[in-house]
Protein chains: 2
Amino acid sequence: MTEAGKLANGARRRRRAPRGQGEKLREEILAAAERLLLETGDQGAVSIRAVADAVGVTPPSIYLHFADKTALMFAICERHFARLDLDLEKAAAGSEDPLESLRLRGRAYVQFGLDHPEEYRILFMTTPASTPEEWKDERMMQRPAFSHLVEAVQTAVDAGAIRAENPMLVSFGLWAAMHGLTSLFVAKPGLFLVNGEALIDHVLDVQIAGLGVTSGPPAGAAPHRSAPAAPRRPARRTALPGR
Amino acid sequence: MTEAGKLANGARRRRRAPRGQGEKLREEILAAAERLLLETGDQGAVSIRAVADAVGVTPPSIYLHFADKTALMFAICERHFARLDLDLEKAAAGSEDPLESLRLRGRAYVQFGLDHPEEYRILFMTTPASTPEEWKDERMMQRPAFSHLVEAVQTAVDAGAIRAENPMLVSFGLWAAMHGLTSLFVAKPGLFLVNGEALIDHVLDVQIAGLGVTSGPPAGAAPHRSAPAAPRRPARRTALPGR
DNA sequence: TGTACATCAGTGAACGCGCGTTCACTGATGTAC
DNA sequence: TGTACATCAGTGAACGCGCGTTCACTGATGTAC
């Protein structure tokens, strides 16, 4: 039995919310869980018990506001997903030029991952097995963060800044490239021997330059003196996603 | 108490190895753990107990051959890392042309991730906190799989096929791009609405084309009619890895 | 102004689970004499 | 050829742990009369 007014860990117990304001605890739980996620940098360390402790409340209280642990984890992500879109839109608005706008978007994306590594991991680096229905697979593509990217690509295509027969494909490609950088930063913080900023710039340079040249029929594709453009090889059959 | 000759799960008990061949169990453990990892697709499901059961042996026996669970997990990866390098080298040898060779390398990389998703996850998508010393950070860059990539890039530069002031930077960029694709395939198998093969080809096209154009001073960088090349913006200060 | 009562935010204790790991031990196999 | 013994691959039982979740309950707060 713990001393009255104290929790197991010795922290002060939270004051009970007045009558109509039970919803306040929900917010406190979310905030505490978010903080834990960032501090520990470990999704596994964010247990129902740990969150309850951090809020100053007992574990069962969590269930007054969240159906189960998964619901809690994804409530956190819901917020960050909305924020990601906001960040990207704000960054993209930084330039009128479609290409530069795409660059800004790309940089903001990586920055988001650096600012919220654990959330990024949950959103984009975890297996769908632990993902609730509404977060599955295709549903993610219909989120604003992605559809806004597709629109931005389309804008650049319309302006003639990049050539694209298929804006969706280009969007996926851009996303994959930035995600590659971001997820490596997140998973292996000490990995890159080169300057991180320079690497981001380089990847964006290559993307932008490459998109101006290719992604249509490979007409004037060969710049500099280079070997002849590689022939499209027949698709190797494998367990690839997509149609 | 379980029936003699049976295990808890009812599976046949493995025959004890003859005198000098205790090492055989080590191989069997590795094989079983690998199989479990692939079947369940869940690193968490591969427990010491589960592996022991699969081999037909009791949990303590595992400790005759591996110091702890981490040692076991990374012994599995050690094998796959070696195999990744092998796959890449074999694929790259498929063409004399430096650019095409790079493409083949890239495709083989993605293929490796598709063939061994859980191992890929452990190698490249997990946090360093759970990574033993010799797998940390920079050490990974000294592995053959990466140094071979750097050499391949250098070869392409020497042939004049791509322009690169810094082959290391280019290698990281290529790796990041392919890793982006691979890790999304691994983490979100149903995510991509577009054809997977086409996406891989597209990303490679963009990379190769972009590398021919940029990565030096952005001289003749603007193809087609496009907005003027974006000025190098000053580095935003943040918690970026690298120097 | 006082009191009985309904509401509801939260508690306390316990559940069953699977985990990694340790420790003293067994018993078949091979060897020395 | 027979027997005592050393070796060592593997066992059986238990340890303590933290986890997600459930259930009957409490007690401060506000309201009706």
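For the numbers below, each heavy atom of this structure counts, side chains included, while hydrogens, waters and symmetry mates do not. Bear in mind the structure is a predicted one, so any value in this text is a computation, not a measurement. Letters A, B, ... mirror the listed sequences (proteins, then strands); counts begin at 1.
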*Asks:* Does C:dG18 have OP1 or OP2 under 4.0 Å away from a side-chain N or O of B:Ser47?
*Replies:*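 False: B:Ser47 side-chain N/O out of range (4.0 Å or more) of C:dG18 OP1/OP2.
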
*Asks:* Please write out the pairs of protein N or O atoms and N or O atoms of nucleotides 5-7 of chain D separated by less than 3.5 Å, giving the distance to one decimal.
*Replies:*
unit_1 : atom_1 : unit_2  : atom_2 : d
D:dT7  : O2     : B:Arg19 : NH2    : 3.2

*Asks:* If you check every side-chain atom of B:Pro18, which of C:dG20, D:dT29, C:dG30 has the closest atom?
*Replies:*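 For the B:Pro18 side chain, the nearest candidate turns out to be C:dG30.
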
*Asks:* Picking from C:dG10, D:dG10, D:dG20, which would you name as closest to the side chain of B:Leu25?
*Replies:*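 Of C:dG10, D:dG10, D:dG20, D:dG10 is nearest to the side chain of B:Leu25.
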
*Asks:* Mind jotting down which residue pairs meet the side-chain hydrogen bond (donor to acceptor under 3.5 Å, both in side chains) criterion with at least one end in residues 42-51 of chain B? Sequence neighbours excluded, please.
*Replies:*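 Passing the test, one end in residues 42-51 of chain B: no pairs.
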
*Asks:* Output the rounded distance in Å from CG (A:Leu36) to C1' (D:dC19).
*Replies:*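 Rounded to the whole Å, the gap is 15 Å.
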
*Asks:* To the nearest angstrom, how far is A:Glu23 atom CD from C:dG10 atom P?
*Replies:*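 So the two atoms are 10 Å apart, to the nearest Å.
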
*Asks:* From the list C:dA9, D:dT11, D:dC19, which nucleotide is the closest neighbour of the side chain of A:Ala17?
*Replies:*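 Ranking C:dA9, D:dT11, D:dC19 by closest atom to the A:Ala17 side chain puts C:dA9 first.
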
*Asks:* In whole angstrom, what separates A:Asp53's CG from D:dG20's P?
*Replies:*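 Rounded to whole Å, this separation is 12 Å.
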
*Asks:* N/O contacts under 3.5 Å, protein versus nucleotides 14-16 of chain C?
*Replies:*
none

*Asks:* Kindly indicate whether the side chain of A:Leu181, heavy atoms from C-beta on, has any atom under 4.5 Å from the side chain of A:Met178.
*Replies:*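 With C-beta onward as the side chain, the pair touches.
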
*Asks:* Evaluate salt bridge (charged side-chain N to carboxylate O under 4.0 Å, His left out) for B:Glu34 paired with B:Arg79, printing each intermediate quantity in order.
*Replies:* CA-CA 10 Å; B:Glu34 239 178 89; B:Arg79 300 179 140 197; 2.8 Å; yes

*Asks:* Decide yes or no for A:Leu38 and A:Glu118: does some side-chain heavy atom of the first lie under 4.5 Å from some side-chain heavy atom of the second?
*Replies:*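 No, too far: nothing below the 4.5 Å cut-off.
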
*Asks:* Identify, between A:Arg15 and B:Ala50, the residue whose nearest nucleotide on DNA chain C lies closer to the 5' end.
*Replies:*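 It is A:Arg15, whose closest nucleotide lies nearer the 5' terminus.
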
*Asks:* Salt bridge or not between A:Glu78 and A:Arg83? Use side-chain N to carboxylate O under 4.0 Å.
*Replies:*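 Salt bridge: no.
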
*Asks:* Just verifying a value: how many Å separate B:Ser171 OG and B:Leu102 CG, rounded to the nearest 0.5 Å?
*Replies:*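 The distance works out to 8.5 Å.
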
*Asks:* About how many Å separate CG of B:Asp68 and CD1 of B:Ile62, when rounded to the nearest 0.5 Å?
*Replies:*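 That separation rounds to 12.0 Å.
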
*Asks:* To the closest 0.5 Å, what do you measure between CG (B:Leu114) and CD1 (B:Ile200)?
*Replies:*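 Separation between the atoms: 6.5 Å.
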
*Asks:* Is any side-chain heavy atom of A:His202 closer than 4.5 Å to a side-chain heavy atom of B:Phe172?
*Replies:*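 No; the side chains remain at least 4.5 Å from each other.
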
*Asks:* Could you tell me how far apart A:Arg26 (CZ) and C:dA9 (P) are, to the nearest whole angstrom?
*Replies:*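 My rounded result for the distance is 14 Å.
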
*Asks:* Is the distance between the ring centroids of A:Tyr120 and A:His179 under 6.0 Å?
*Replies:*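 Yes - the distance between ring centres of A:Tyr120 and A:His179 falls below the 6.0 Å cut-off.
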
*Asks:* Measure from CD1 on B:Ile29 to C1' on D:dG10 and round the result to the nearest Å.
*Replies:*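 In whole Å, D:dG10 C1' and B:Ile29 CD1 are 11 Å from each other.
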
*Asks:* Closer than 4.0 Å, any side-chain N/O of A:Thr58 to the OP1 or OP2 of C:dG12?
*Replies:*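 For C:dG12, OP1/OP2 do not have a side-chain N/O of A:Thr58 under 4.0 Å.
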
*Asks:* Which of the following nucleotides, D:dT21, D:dA9, C:dT22, is nearest to the side chain of B:Pro60?
*Replies:*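 Among D:dT21, D:dA9, C:dT22, the one nearest the side chain of B:Pro60 is C:dT22.
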
*Asks:* Got a minute to check which stems DNA chain C is part of, using Watson-Crick or G-U wobble pairs under 3.5 Å, three or more consecutive?
*Replies:*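 So the stems come out as C:2-33 with D:2-33.
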
*Asks:* Under a 4.0 Å heavy-atom cut-off, which of residues 61-69 of chain B touch DNA chain C?
*Replies:*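 Nucleic-acid contacts, sorted: B:Tyr63, B:Asp68, B:Lys69.
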
*Asks:* Do any N or O atoms from the side chain of B:Thr40 and from the backbone of B:Ala45 form a donor-acceptor pair under 3.5 angstrom?
*Replies:*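 Checked: no pair found.
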
*Asks:* Could you tell me which residues satisfy ring pair (Phe, Tyr, Trp, His ring centres under 6.0 Å) with A:Phe112, sequence neighbours excluded, listed by chain and number?
*Replies:*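 Once residues adjacent in sequence are excluded, the partners of A:Phe112 under the ring pair (Phe, Tyr, Trp, His ring centres under 6.0 Å) criterion are A:His116.
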
*Asks:* Is a donor on one side and an acceptor on the other found under 3.5 Å between the side chain of B:Lys90 and the backbone of B:Ala108?
*Replies:*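 No; zero donor-acceptor contacts below 3.5 Å.
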
*Asks:* Within this structure, what is the CD1-CZ distance for the pair A:Ile76 and A:Phe66, rounded to the nearest 0.5 Å?
*Replies:*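 Nearest 0.5 Å value for the CD1-CZ distance: 7.5 Å.
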
*Asks:* Just how far, in rounded Å, is C1' of D:dT11 from CZ of B:Arg14?
*Replies:*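 Between C1' of D:dT11 and CZ of B:Arg14: 13 Å.
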
